[in-house]
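The sequence lines fix the lettering, A, B, ..., with proteins before strands; numbering per chain opens at 1.
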Protein chains: 2
Amino acid sequence: MTKSDWLSELRAEAPRLGRASTAGRVADVLRTRITEGSLAPGTRLSEEDIGAALGVSRNTLREAFRLLGHERLLVHEFNRGVFVRKLTVEDVRDLYELRRILECGAVRRGAERHAGTATAERWPALLDAVRAAVEEGEAAAERGRWLDVGTANMHFHQAVSALAQSPRVDEAMGHLLAELRLVFHVMAAPQAFHESYLADNRAILELLLAEDFEGAEKAIADYLDAAEAQLVEAYSAAGQVSA
Amino acid sequence: MTKSDWLSELRAEAPRLGRASTAGRVADVLRTRITEGSLAPGTRLSEEDIGAALGVSRNTLREAFRLLGHERLLVHEFNRGVFVRKLTVEDVRDLYELRRILECGAVRRGAERHAGTATAERWPALLDAVRAAVEEGEAAAERGRWLDVGTANMHFHQAVSALAQSPRVDEAMGHLLAELRLVFHVMAAPQAFHESYLADNRAILELLLAEDFEGAEKAIADYLDAAEAQLVEAYSAAGQVSA
DNA sequence: GAGTGAGGGATTGTTGAACAATCCGTCAAT
DNA sequence: ATTGACGGATTGTTCAACAATCCCTCACTC
């Protein structure tokens, strides 16, 4: 192991140190609350109340709000305050539109670069991540932990988009999936929703392993169409009480 | 014109009113400075100096910094300050990777939805925007305004990605192009760089009008490959004095 | 009863100052 | 040449205050 290997390994752990910012930690707390669903969409977050509850000043809290606003988990209305994001049906459709472009594009570009042999050594690790996500979901389903099935499903799609080997694609996908979490809470039966896609994930993995990239792209597109339709239907039924 | 038409037209102008935030206006000023190149990449932005120069408090200025950090025009290093983003060659490559996925994907999805006839009435307006950007660039070139040629080129690609009819794709593309502006300033000869792509833009427009969407996608991919190679070369030669 | 306008309380937007924590360059010591 | 300590400068965070804005209530008019 050469010196530069040491350094690059250490560099990978560097971000863990910089996590000292108070605003960042406040954002972490709120993010967890929101994605877990204990803060319902539409809830207004009072600067004074939350600041007092968390023991931070208003200014620091505002910085945390900006961070979460950037991730689209909160919306900031001028002179009115910040609210937990409330997604419309159009948002759901748009999120899946972007997913189609990103995920299918990631498979396509990954395949092109794989064929180019320029980055051949990274490919197995990328596919391993996909496989790990598939097995994580199957294991969670076997033990009946349906929330974990949903998490594993997100890992699966994050791993698929990672095939593009692009940090910016990874980040965009991460934000997209975090936003989607806001939607999943309106599903009455998360079991049936997530369970039905375990087989699809496995099938997509097999297509990738067989290097049938066109087939994989098509399978992902079909998956997304089906999931979008299911979500839109559930959303129209449950979420549209107002507006 | 029905009542709902009135309202939707007004709604389009609503964002112009909410621009009253001081932090937002400060961000506007700094953004212009950065994208125009008068603030060189790597420059450190002192809170005290800039706050005094612009007549705003440190807290407000910090909010403006977060906004620009979110757009990747500034980088925030904890306990060290904010700096004008300095893109590496890897960043340039990654930006073009994302552009390939977004722009080609937008054409493909736009074509699919166009064929579906569900949103047929919007299509001509989208193509008109592309045409307008092409002609804007040609007019600017004729008058020798090379900076405007670059701007028109960005409008062209923004219009192409708008074919996806997805607000989130539009926004992602907007941020991506703003980030790319940081790179263009290292080009020694912007004339030759931007000029060479005017004909490509026109050709892509013709392919779109002829509804040869596969051809258009291919043309865009080729365009991006060429532009990336040109930029990477210029960047390796000029920008890599340090690191 | 529906719509309009004027208070008034509550919340956010912004400022300025203050102190703690951290970084960075300098200089001495080994 | 590397290490360690000191000190100035900058950022991180808090606090208190005031201005600006929103929103609810209530009286008023027709």
Side-chain angles (χ1 to χ4, degrees), chain A residues 3 6-7 10-11 13-31 39 42-70 73-86 242-243, chain B residues 3 6-7 10-11 13-31 39 42-70 73-86 242-243:
Chain A
K3 180 180 174 185
W6 280 76
L7 292 177
L10 274 184
R11 187 169 187 150
E13 299 197 20
R16 218 180 293 176
L17 297 180
R19 272 288 166 199
S21 154
T22 307
R25 275 176 314 191
V26 170
D28 287 342
V29 171
L30 294 177
R31 182 179 12 249
L39 277 174
T43 307
R44 177 159 156 277
L45 271 49
S46 158
E47 292 186 355
E48 201 163 3
D49 294 351
I50 297 190
L54 268 57
V56 297
S57 86
R58 274 180 63 208
N59 284 324
T60 302
L61 188 60
R62 280 162 144 291
E63 284 206 8
F65 283 169
R66 307 291 171 172
L67 288 176
L68 296 171
H70 149 49
L73 297 180
L74 298 180
V75 288
H76 184 128
E77 298 185 22
F78 193 76
N79 270 322
R80 294 203 3 145
V82 299
F83 303 80
V84 179
R85 184 76 182 280
K86 203 173 187 174
S242 67
Chain B
K3 181 182 175 187
W6 280 76
L7 292 177
L10 274 184
R11 187 167 188 151
E13 300 197 22
R16 221 179 292 176
L17 297 180
R19 272 286 166 201
S21 155
T22 307
R25 275 179 322 213
V26 170
D28 286 342
V29 171
L30 293 177
R31 183 178 13 247
L39 277 173
T43 306
R44 177 158 158 277
L45 270 52
S46 158
E47 293 186 353
E48 200 164 1
D49 295 351
I50 297 190
L54 268 57
V56 297
S57 87
R58 273 182 63 209
N59 284 321
T60 301
L61 186 61
R62 280 160 79 74
E63 283 209 9
F65 283 167
R66 306 291 171 172
L67 289 176
L68 295 171
H70 147 50
L73 296 181
L74 298 180
V75 289
H76 184 133
E77 297 185 23
F78 193 75
N79 270 323
R80 295 206 354 136
V82 298
F83 303 80
V84 179
R85 183 76 182 280
K86 203 173 186 175
S242 66

Interatomic distance, [X] [atom1] vs [N] [atom2] [rounded to whole Å]:
X	N	atom1	atom2	result
A:Phe65	C:dT14	CZ	P	16 Å
A:Phe83	C:dT12	CZ	C1'	11 Å
B:Arg66	D:dT11	CZ	P	12 Å
A:Arg62	D:dC15	CZ	C1'	15 Å
B:Glu48	C:dA17	CD	P	11 Å
B:Glu63	D:dT11	CD	C1'	16 Å
B:Leu67	C:dT14	CG	P	11 Å
B:Leu61	C:dT14	CG	P	12 Å

Output one line per pair: protein atom, nucleotide atom from nucleotides 19-23 of chain C, and distance, for all N/O pairs under 3.5 Å.
from, atom 1, to, atom 2, distance (Å)
C:dT22, O3', B:Asn79, ND2, 3.4

Does D:dT14 have OP1 or OP2 sitting under 4.0 Å from an N or O in the side chain of A:Thr60?
->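 It does, given that an N or O in the side chain of A:Thr60 lies less than 4.0 Å from OP1 or OP2 of D:dT14.
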Taking only the side-chain nitrogens and oxygens of B:His76, find out if one of them lies under 4.0 Å from OP1 or OP2 of D:dG12.
->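 It does, given that an N or O in the side chain of B:His76 lies less than 4.0 Å from OP1 or OP2 of D:dG12.
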For the side chain of A:Asn59, counting heavy atoms from C-beta on, which of C:dT14, C:dT11, D:dT13 is nearest?
->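 Of the candidates, C:dT14 comes closest.
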What nucleotide, of C:dT14, C:dT15, D:dT11, holds the atom closest to the side chain of B:Val56?
->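 Nearest nucleotide to the side chain: C:dT15.
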Excluding sequence neighbours, so at least two apart, what forms side chain to side chain contact (heavy atoms under 4.5 Å, CB included) with A:Ala64?
->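 Checked A:Ala64 against side chain to side chain contact (heavy atoms under 4.5 Å, CB included); matches are A:Val26, A:Ala27.
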Quick one: side chain to side chain contact (heavy atoms under 4.5 Å, CB included) partners of B:Val75, sequence neighbours excluded?
->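 In terms of side chain to side chain contact (heavy atoms under 4.5 Å, CB included), with neighbours along the sequence ignored, B:Val75 is linked to B:Phe83, B:Arg85.
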Set of salt bridge (Lys or Arg N to Asp or Glu O under 4.0 Å) partners for A:Arg66, sequence neighbours left out =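 A:Arg66 satisfies salt bridge (Lys or Arg N to Asp or Glu O under 4.0 Å) with B:Glu63 only.
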Report the residue from A:Leu30, A:Val84, A:Val82, A:Leu45 that forms a side chain to side chain contact (heavy atoms under 4.5 Å, CB included) with A:Leu68.
->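 The residue from A:Leu30, A:Val84, A:Val82, A:Leu45 that satisfies side chain to side chain contact (heavy atoms under 4.5 Å, CB included) with A:Leu68 turns out to be A:Leu30.
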Quick one: ring pair (Phe, Tyr, Trp, His ring centres under 6.0 Å) pairs with a partner in residues 48-70 of chain A, sequence neighbours left out?
->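 Ring pair (Phe, Tyr, Trp, His ring centres under 6.0 Å) check on residues 48-70 of chain A returns A:His70-A:His175, A:His70-B:His70.
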Using heavy atoms to find the nearest nucleotide of DNA chain D for B:Arg44 and A:Ser57 separately, return the residue whose nucleotide is more 5′.
->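 This one resolves to B:Arg44.
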Are A:Arg31 and A:Asp28 ion-paired here, with the side-chain N under 4.0 Å from a carboxylate O?
->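 The answer is yes: the pair qualifies as a salt bridge.
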With sequence neighbours excluded, what pairs up with B:Arg44 under the side-chain hydrogen bond (donor to acceptor under 3.5 Å, both in side chains) test?
->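 In terms of side-chain hydrogen bond (donor to acceptor under 3.5 Å, both in side chains), with neighbours along the sequence ignored, B:Arg44 is linked to no residue.
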